[in-house]
Structures are given as C-alpha cells and as structure tokens.
Amino acid sequence: MVSDSELAASRQNAKEHIDPAADLHCPFVRVFGGPIPVGLAHVAAIRLAAERLRELGDHPAMRGVKVLMESHDDWVVPAFLRHLEPELRNDV
C-alpha cells in the first residue's frame with residue numbers, strides 16, 4: 001500500500017494535469033492504478049481505486065476533462081476495469 005504522502009502527491013499530480021489538458025482542449029487525462037498490494041482482494045482493490053478516483057472531485061468534469069485509468073500494472077486484466085465502472089457509478 002502506498003503511504004499517505006505518496007497518495008497525496010499522486011492525487012496532486014493528477015489534478016495538476018487537468019487544467020493544462022482543459023486549456024489545450026484535450027478531453028482526457030490518464031492515471032495509472034499501480035500494483036495491487038499483496039493480500040488485497042481484487043474486489044477491495046476495485047473499491048479502493050474507485051474511492052481514489054472520486055477523491056479528484058468535480059474538478060475534471062467542471063473543466064470538461066475525463067479521467068481515464070490506464071490498463072497497466074496489475075490492472076491489465078480487463079475484468080478488473082469492467083468492475084471498476086459500476087463501482088464509480090454508485091455515487092454518481
């Protein structure tokens with residue numbers, strides 16, 4: 001699991017890319033899910049990823065930018081990403 005400071009830095013990095021993307025009329029910013037911690041169930045990892053994506057708040061939508069999660073690292077299995085979408089929609 002990443003430390004709180006690493007998570008905050010990653011979140012800030014994503015946010016810092018949203019405004020330039022909007023200014024350039026680029027409708028997408030991609031983020032990486034990274035490795036799933038050993039011992040964390042995939043269901044829990046999906047919920048955690050959804051929570052962290054929601055932490056970006058309304059800023060991307062307000063700027064007309066969608067945040068895309070790259071199918072990379074431990075997220076190369078398409079089923080993981082397919083299960084992420086409904087989890088994100090739970091709060092929408």
Side-chain angles (χ1 to χ4, degrees):
M1 195 67 76
V2 298
S3 70
D4 289 343
S5 61
E6 289 174 310
L7 180 58
S10 178
R11 188 180 309 115
Q12 184 62 33
N13 183 298
K15 287 182 176 182
E16 288 174 356
H17 284 81
I18 291 166
D19 289 326
D23 293 343
L24 293 168
H25 306 285
C26 178
F28 305 109
V29 170
R30 71 178 180 165
V31 296
F32 294 88
I36 295 173
V38 174
L40 186 64
H42 290 122
V43 171
I46 288 165
R47 288 189 181 130
L48 184 59
E51 176 185 315
R52 290 180 175 172
L53 287 169
R54 281 192 298 270
E55 288 173 357
L56 291 174
D58 295 329
H59 186 68
M62 290 173 31
R63 293 301 317 261
V65 174
K66 292 183 180 183
V67 177
L68 306 176
M69 187 159 152
E70 177 74 30
S71 55
H72 197 267
D73 300 316
D74 289 342
W75 297 90
V76 297
V77 178
F80 296 163
L81 293 176
R82 278 196 298 274
H83 292 297
L84 181 59
E85 181 187 3
E87 190 67 34
L88 284 168
R89 291 183 186 271
N90 284 342
D91 287 347
V92 175

(request) Mind listing the closest non-hydrogen atom pair of Met69 and Gly33 along with its distance? (result) CE-CA, 3.5 Å
(message) I need the minimum non-hydrogen distance between Ser71 and Val76, along with the two atoms involved.
(response) O-CG1, 3.9 Å
(request) Could you state whether Leu53 and Leu40 fall into the same hydrophobic cluster, counting links through intermediate Ile, Leu, Val, Met, Phe, Trp or Tyr residues with side-chain heavy atoms under 4.5 angstrom apart? (result) yes
(message) Please tell me whether Leu48 and Val77 are part of a single hydrophobic cluster in this structure, the criterion being side-chain heavy atoms less than 4.5 Å apart.
(response) yes
(request) Identify the two heavy atoms, one from Val31 and one from Ala14, that lie closest to each other, and give their separation to 0.1 Å. (result) CG1-CB, 4.0 Å
(request) Taking all non-hydrogen atoms of both residues into account, name the closest pair between Ala21 and Val65 and its distance. (result) CB-CG2, 4.3 Å
(request) Look at atom CG of Asp58 and say whether more than 12 heavy atoms of other residues, nucleotides or ligands are closer to it than 6.0 Å. (result) no
(message) Minimum heavy-atom separation for Val29 and Ile18, please, with both atom names.
(response) CG2-CA, 4.2 Å
(request) Drop me the distance from Arg11's CZ to Glu55's CD, to the nearest 0.5 angstrom. (result) 4.0 Å
(message) Under the salt bridge (Lys or Arg N to Asp or Glu O under 4.0 Å) definition, can you give me all pairs with a residue in residues 35-51, not counting sequence neighbours?
(response) Arg47-Glu87
(request) Can you run down the salt bridge (Lys or Arg N to Asp or Glu O under 4.0 Å) pairs that involve residues 25-38, sequence neighbours left out, and say none if there aren't any? (result) Arg30-Glu70
(request) Identify the heavy atoms of Ala49 and Leu84 that sit nearest to each other, and give their distance. (result) CB-CD1, 4.0 Å
(request) State which residues pass salt bridge (Lys or Arg N to Asp or Glu O under 4.0 Å) with Arg63; sequence neighbours excluded, sorted by chain then number. (result) Asp19, Asp23
